[in-house]
Number of protein chains: 2
Amino acid sequence: MTTAASPRELAHPTRDEIRLEGVLHALSDPVRLRVVRELATAESELSCSYFDLPVTKSTSTHHFRVLRESGVIRQVYRGTAKMNGVRRDDLDELFPGLLDSVLTAAAGEAARHGAG
Amino acid sequence: MTTAASPRELAHPTRDEIRLEGVLHALSDPVRLRVVRELATAESELSCSYFDLPVTKSTSTHHFRVLRESGVIRQVYRGTAKMNGVRRDDLDELFPGLLDSVLTAAAGEAARHGAG
DNA sequence: CTCGAACTACGACGAATTTCGTACAATGGG
DNA sequence: CCCATTGTACGAAATTCGTCGTAGTTCGAG
């Protein structure tokens, strides 16, 4: 009773559907901020399973979805894996400097408190 | 030095107690983001009653407190009024460029969708 | 001292969020 | 076809969030 369509396409907001409040909210969670930092540092797509997050798989799926639906990341299936990448072009066009300042701020805070 | 010997002093986080996640969360609410935008454009401090927010006084108090406790704004009593100002120095030192890029992003989004 | 203005404290409520466990589906290799 | 890998869906519980109303506090003016 498998239904007809291939469901392996993921819904993303278009560029003009991305909202600042949604992006800020997505980035205000420690787990999600950490994912975005790794993704941005890697500068290439990473699978969900690449991340060793302190939450279960269910919760991990949830966080990735929040990031995708807010427009922060793009997700694409590749075999059984789901690859993730930051939507840098869209974010930089929409909110110039925002992503970089958040990443810089996160790095600074990590240096101050995480390794201080 | 401050001449305030008033018993009504408000608790603020010190600079190094301010957390990025807390700031992002505080700014991810439409009402609070609007307050910060007005505060940032204003030349001087503004009282709570200056703002005509689409919420009750109770809720307004709540939002101002979230902003204060996250370190985004500084609040000082002046008579019966409570004056509010953005903690620009602290935020710029802690998270360079972050506040400005958020304000620019908010202005851009308002131009795009609010008055586009 | 009394009054109004400004703001707070407290309790409450519904809605959203976060988290988990378990069961399930899609893919690619034997 | 079988199965391990990868991630999803669903339900549920705990928590947080945004909102409000009411009662109360502090201050300045009269």
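Letters go in sequence order (proteins before strands), and every chain restarts at 1. Below, all heavy atoms of this structure are taken into account, side chains as well, without hydrogens, waters or symmetry copies.
Each of C:dC7, D:dC27, C:dT18 was ranked by its minimum atom distance to the side chain of B:Y77; first place goes to C:dC7. Comparing C:dT18, C:dC7, D:dT6 by their closest approach to the side chain of A:R32 singles out C:dT18. When the nucleotides C:dA9, D:dC27, D:dG7 are ranked by their closest atom to the side chain of B:T80, D:dC27 comes out on top. When each of C:dC7, C:dT18, D:dT8 is scored by its nearest atom to the side-chain atoms of A:H25, the top-ranked nucleotide is C:dT18. Distances from the side chain of A:V55 to the nucleotides D:dT19, D:dT8, C:dC20 place C:dC20 closest.
When the nearest nucleotides of DNA chain C are assigned to A:R78 and A:K57 by heavy-atom distance, the more 5′-ward of the two goes with A:K57.
The number of heavy-atom neighbours closer than 6.0 Å to CZ of B:R78, taken from other residues, nucleotides and ligands shown, is 12 or below.
With respect to the salt-bridge test (charged N to carboxylate O, under 4.0 angstrom), the residues B:D100 and B:R88 qualify.
Listed for the A:R74 side chain is no donor-acceptor partner under 3.5 Å among the backbone atoms of A:G71.
Atom-to-atom, CG of B:D29 to C1' of C:dA15 comes out at 14 Å; the value is rounded to the nearest Å. Rounding to whole angstrom units, CZ of residue B:F64 and P of D:dG18 are separated by 15 Å. Atom CG of B:L53 and atom P of C:dC7 are 11 Å apart (whole Å). In this structure, NE2 of B:H62 is placed 6 Å from C1' of D:dG18, rounded to the nearest angstrom. Atom CE of A:M83 is separated from atom P of D:dT6 by 12 Å (rounded to the nearest Å). Protein atom CG of B:L67 is 16 Å distant from nucleotide atom C1' of C:dC7, rounded to whole Å.
When the side-chain nitrogen and oxygen atoms of A:R65 are compared with OP1 and OP2 of D:dG7, none of them lie within a distance under 4.0 Å. An OP1 or OP2 oxygen of C:dC20 is reached within less than 4.0 angstrom by a side-chain nitrogen or oxygen of A:T56. In this structure, A:S49 does not reach the D:dT5 phosphate: none of its side-chain N or O atoms is under 4.0 Å from OP1 or OP2. Listed pair A:S58 / C:dT22 fails the phosphate criterion, with no side-chain N or O lying under 4.0 Å from OP1 or OP2. For A:H63, a side-chain nitrogen or oxygen approaches OP1 or OP2 of C:dT19 to under 4.0 Å.
In plain terms, the two heavy atoms of B:L94 and A:R112 that are nearest each other are O-NH2, 2.9 Å.
Partner B:R68 forms a side chain to side chain donor-acceptor pair (under 3.5 Å) with one of B:H63, B:Q75, B:H12 and no other, that one being B:Q75.
Within the nucleic acid shown, A:T59 comes within 4.0 Å of at least one base atom, counting heavy atoms only.
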